[in-house]
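Side chains are part of it too, since the values below use all heavy atoms of this structure and drop only hydrogens, waters and symmetry mates.
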Amino acid sequence: AQTVTQSQPEMSVQEAETVTLSCTYDTSESDYYLFWYKQPPSRQMILVIRQEAYKQQNATENRFSVNFQKAAKSFSLKISDSQLGDAAMYFCAYRGGETSGSRLTFGEGTQLTVNP
Amino acid sequence: ETGVTQTPRHLVMGMTNKKSLKCEQHLGHNAMYWYKQSAKKPLELMFVYSLEERVENNSVPSRFSPECPNSSHLFLHLHTLQPEDSALYLCASSQKGGQLLTNTQYFGPGTRLTVL
């Protein structure tokens, strides 16, 4: 079974600085997808960024980028120029390939605090 | 984001009550999901509906009964719940299969359920 591990329950960063959130996963599949979601105090789960395992190029979305290391099964999220609105719980999620159904497996989350 | 809506946003019920949670998606998707988010636990997938057919039921107690009358609506009927069922219940939708851009799950704002 696939598992997703976020080893940092809490992280903090100064406004305008850069922070990296860690995520590792365990899978025997070669084709899969990875996601980062954020959940602010409103509890709305919002997609931040996504990556296809067969793509070697790391995904980027404005200030958000990932460091995808397939061999190491690592998928970290880098937030540049952190803003107060980035404060939230961040979840890493894994989805298998076409034959694995549509299940998303989530990590336990990292609570990010942004200090002014 | 109003692509996936959920009602009610908050619900308090006694153990003998019967209530229903409603989810509606306006994204043209054909797969819908129910997740449970309890304090200090990863999101747990409860049910998956694809093309209005239940394709996954993750050992959820029978006091939770899902219903998917069409591809845009998903219900979770609740009866004789226990206090440990208190949690945030999240609905999500996606396009079944396909490439990353189409199989990404989008979440509603959740229903905060308290069972007394």
**Q.** ILVMFWY network linking A:Y32 to A:I49, side-chain heavy atoms under 4.5 angstrom
**A.** yes
Q. Excluding sequence neighbours, so at least two apart, what forms side-chain hydrogen bond (donor to acceptor under 3.5 Å, both in side chains) with B:R63?
A. B:D85
Q: Consider only side-chain heavy atoms of I, L, V, M, F, W and Y, link residues closer than 4.5 Å, and tell whether A:Y37 and B:M32 are in one cluster.
A: no
(Q) According to a hydrophobic-cluster definition based on side-chain heavy atoms being under 4.5 Å apart (Ile, Leu, Val, Met, Phe, Trp, Tyr only), do A:M11 and A:F75 belong together? (A) yes
Q) In Å and rounded to the nearest 0.5 Å, what is the CZ to CG distance from A:R43 to B:L90? A) 8.0 Å
Q | Interface moiety of B:Q37 toward chain A, non-hydrogen atoms closer than 4.5 Å | A | side chain
(Q) Quick one, B:V4 with A:Q44, criterion side-chain contact (heavy atoms from CB on, under 4.5 Å). Give me CA distance, side-chain angles, the key distance, then yes/no. (A) CA-CA 10 Å; B:V4 183; A:Q44 174 81 51; over 6 Å; no
**Q.** Contact residues of residues 70-78 of chain B (partner chain A; heavy-atom separation under 4.5 angstrom)
**A.** none
Q) Does a side-chain heavy-atom distance below 4.5 Å link B:Q105 with A:F35? A) no
**Q.** Shared hydrophobic cluster, A:Y90 / A:V4 (ILVMFWY, side-chain heavy atoms < 4.5 Å)
**A.** yes
Q. When hydrophobic residues are tied together by side-chain contacts of less than 4.5 Å, even through go-betweens, does B:L21 share a cluster with B:F107?
A. no
Q) To the nearest 0.5 Å, what is the distance between CZ (A:R95) and OG (B:S94)? A) 6.5 Å
**Q.** Between CG on residue B:L45 and CZ on residue A:R103, distance to nearest 0.5 Å
**A.** 5.5 Å
Q: Would you indicate whether B:E84, at its atom CD, is surrounded by more than 12 heavy atoms from other residues, nucleotides or ligands within a distance under 6.0 Å?
A: yes
Q: Any chance you could measure A:M45, atom CE, to B:Y35, atom OH, to the nearest 0.5 Å?
A: 9.0 Å
Q) So what's closer than 4.5 Å to chain B heavy atoms on A:L104: side chain, backbone, both or neither? A) both
Q | chain A contact residues among residues 109-116 of chain B, heavy-atom distance under 4.5 Å | A | B:P109, B:R112
Without placing hydrogens or testing angles, list every side-chain donor-acceptor pair under 3.5 Å for residues 108-116 of chain A, not counting sequence neighbours.
from	atom 1	to	atom 2	distance (Å)
A:T110	OG1	A:Q6	NE2	3.4
A:T110	OG1	A:Q8	O	2.6
A:Q111	NE2	A:A88	O	3.4

Q | Heavy-atom pair with the smallest gap, counting every atom of B:P42 and A:G107 | A | CB-O, 3.7 Å
Q) Take atom NZ in A:K70; do more than 12 heavy atoms of anything else shown fall under 6.0 Å from it? A) yes
(Q) With a 6.0 Å cut-off (strictly less than), is the heavy-atom count around CD of B:Q82, excluding the residue itself, greater than 12? (A) yes
**Q.** Straight-line distance of B:L43 CG to A:F91 CZ, nearest 0.5 Å
**A.** 5.5 Å
